[in-house]
Structures are given as structure tokens and as C-alpha cells.
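Heads up: the structure comes next, in C-alpha cells.
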Amino acid sequence: ASRVSPKVAVVYLMYTPEASTNTQFGTGNPNDEAVYYRESDSAGVVWKPKVNITPYNRVTGPSYSPWVEAKGLYDSNDKLHIIYNATLIPTDPYGHLFASWSAFVSGSSLFHWSNATNTISRIYNAEWDTSVINDTAFCRWIGFNMLNLGGFGISECNGHLYVVWTMSTD
């Protein structure tokens, strides 16, 4: 919720249309998501339509698939900022015959979007060479989700935005 106006936003992840309808994964691909938000200028009385800030084309890719969480914040200028982590996905992932997308995963990155600029920028690159997963230093126990960063947050102090996160193997 904004501190300077009655604006409020809900930020969430939702399966892409491809993930929802692709028969390769039966009930949909839980690794193929997009970041959406819905905003109200009336403290939640009336809501605007949902907005997809990550309309990546999976066929012409490569692209990024958001993973697990997204956070939003209105700054002191009443601009919405959204941060989310995402995994690099290769061109046309549905054209591959993998049972899951874990074969594609090589870490993740943390991204920022704002309605002030309507652009996505990378905050931190935590993408890894896929050989790390089989590195004996990790006893080959790392699941594809272990190399992602997460537990992140965004805040503002004296007109500056701050982002914190947690991750392993850094």
C-alpha cells in the first residue's frame, strides 16, 4: 500500500498460458510462471485489470521464468516497484522432451521492475555453470532449486531503495 495515496497493489505469480495448457506436464508446468500485479487507486474498492510485467515469449527466447516469489513496494513518489527471482529458460523449452525444467536450471537472478520506467533490470546475477550441480564439493546433492537466491525484500529509506536476499554457494 502507498504511504502517500490510496493506491494499493497485489503482486503475484501465475502460470503462463503455455504452462497451463501444455500436455507435456499434465496439470501444467509449475516452473513456467509470470509476474502480475493488480492495482487499485481507491484503497481496494475498485481494481484495475491485471498486468503481466514479464510477457516473455517462450518460443523465441531465451527468457526468464519467475520462481516462487515476488515482492512489491510503493516508494515515496507513489511509484510501484516489484522485485522477483527468475531462472533462465532456453529458447522453446516446450520443444524439448524433458520431464521437468530442472535440466535447464543453472541458478537464478534477482530482477527489478517499476511503473516509473516500465523496464526490467537485473539486481543480482546468481546464475551458475551447470557443472556446479555435479561438483564433488557439494557431494552431488544439490537439487536444481538450491542454487537459486530467495528470501528477498525491498524497502525505502531517505529516498533510496534497498534490496536484501539470501542464497547459498556464494
Side-chain angles (χ1 to χ4, degrees), residues 1-2 7-41 44 47-75 77-96 98-128 130 143-156 161-167:
S2 173
K7 287 183 183 177
V8 63
V10 176
V11 178
Y12 58 98
L13 301 182
M14 191 167 106
Y15 293 143
T16 65
E18 296 86 358
S20 299
T21 60
N22 191 279
T23 58
Q24 178 182 351
F25 295 94
T27 59
N29 184 350
N31 297 309
D32 190 4
E33 298 180 309
V35 179
Y36 287 85
Y37 75 93
R38 287 196 68 185
E39 186 175 47
S40 170
D41 293 329
W47 290 90
K48 297 177 183 178
K50 67 183 177 186
V51 176
N52 179 356
I53 67 167
T54 56
Y56 299 118
N57 184 323
R58 298 285 187 242
V59 175
T60 62
S63 61
Y64 283 86
S65 183
W67 189 73
V68 179
E69 58 188 315
K71 307 288 174 68
L73 169 82
Y74 280 102
D75 66 19
N77 294 314
D78 215 25
K79 298 300 182 187
L80 180 62
H81 298 267
I82 297 174
I83 61 172
Y84 62 95
N85 57 347
T87 301
L88 181 64
I89 302 298
T91 301
D92 194 17
Y94 288 103
H96 298 279
F98 292 107
S100 75
W101 281 13
S102 62
F104 300 146
V105 175
S106 57
S108 63
S109 289
L110 187 59
F111 293 96
H112 168 266
W113 173 91
S114 174
N115 63 358
T117 61
N118 198 31
T119 59
I120 296 171
S121 59
R122 187 188 320 241
I123 296 170
Y124 187 78
N125 181 347
E127 294 172 15
W128 305 89
T130 54
F144 75 92
N145 61 337
M146 293 302 295
L147 295 176
N148 290 299
L149 57 84
F152 49 85
I154 183 170
S155 187
E156 181 184 29
L161 295 176
Y162 294 89
V163 175
V164 296
W165 65 88
T166 60
M167 63 182 284

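Just so we're clear, the structure is a prediction, and the values are computed from it rather than from any experiment. Position 1 is the first residue of the sequence, and the numbers go up from there.
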Spacing of D32 atom CG and T16 atom OG1 [to the nearest 0.5 Å]:
3.0 Å

CD1-NZ distance between I82 and K71, expressed to the nearest 0.5 angstrom
12.5 Å

Sequence-distant partners of V10, side-chain contact (heavy atoms from CB on, under 4.5 Å), two or more places apart:
Y12, W47

ring-ring contact (aromatic ring centres under 6.0 Å, His included) against Y56, all qualifying residues, sequence neighbours excluded:
none

Quick check: closest heavy atoms across S108 and T87, and the distance to 0.1 Å?
CB-OG1, 4.1 Å

Stepwise, does the side chain to side chain contact (heavy atoms under 4.5 Å, CB included) test hold for L80 with K7?
CA-CA 10 Å; L80 180 62; K7 287 183 183 177; over 6 Å; no

List the residues meeting ring-ring contact (aromatic ring centres under 6.0 Å, His included) with Y74, not counting sequence neighbours, and say none if there are none.
none

Side chain to side chain contact (heavy atoms under 4.5 Å, CB included) partner of W165, the single match among N85, I123, I83
I123

Restricting to side chain to side chain donor-acceptor pair (under 3.5 Å), what partner residues turn up for T117, sequence neighbours left out?
T119

Nearest 0.5 Å please: distance from the OG atom of S2 over to the CG atom of D75.
8.5 Å

If you look at every heavy atom in G72 and V11, which pair is closest and at what distance?
CA-CG2, 4.0 Å

Considering residues at least two apart in sequence or located in another chain, which fulfil the side-chain contact (heavy atoms from CB on, under 4.5 Å) criterion with L73?
I154, E156, L161

What heavy-atom pair brings A126 and S109 nearest, and what distance separates the two atoms?
N-OG, 3.9 Å

Give a yes or no on whether the backbone of E33 and the side-chain of S65 come within a donor-acceptor separation of less than 3.5 Å.
yes

So, using ring-ring contact (aromatic ring centres under 6.0 Å, His included) as the criterion, who are the partners of Y37 when residues are at least two apart?
W113

For R38, what residues pass the side chain to side chain donor-acceptor pair (under 3.5 Å) criterion, not counting sequence neighbours?
none

Are the side chains of Y84 and I120 in touch, meaning some heavy atoms are under 4.5 Å apart?
yes

For K79, the side chain to side chain donor-acceptor pair (under 3.5 Å) test, sequence neighbours excluded, returns none

The criterion is salt bridge (charged side-chain N to carboxylate O under 4.0 Å, His left out); which residues satisfy it with K50, sequence neighbours excluded?
none

Which residues share a side chain to side chain donor-acceptor pair (under 3.5 Å) with N52, sequence neighbours left out:
T54

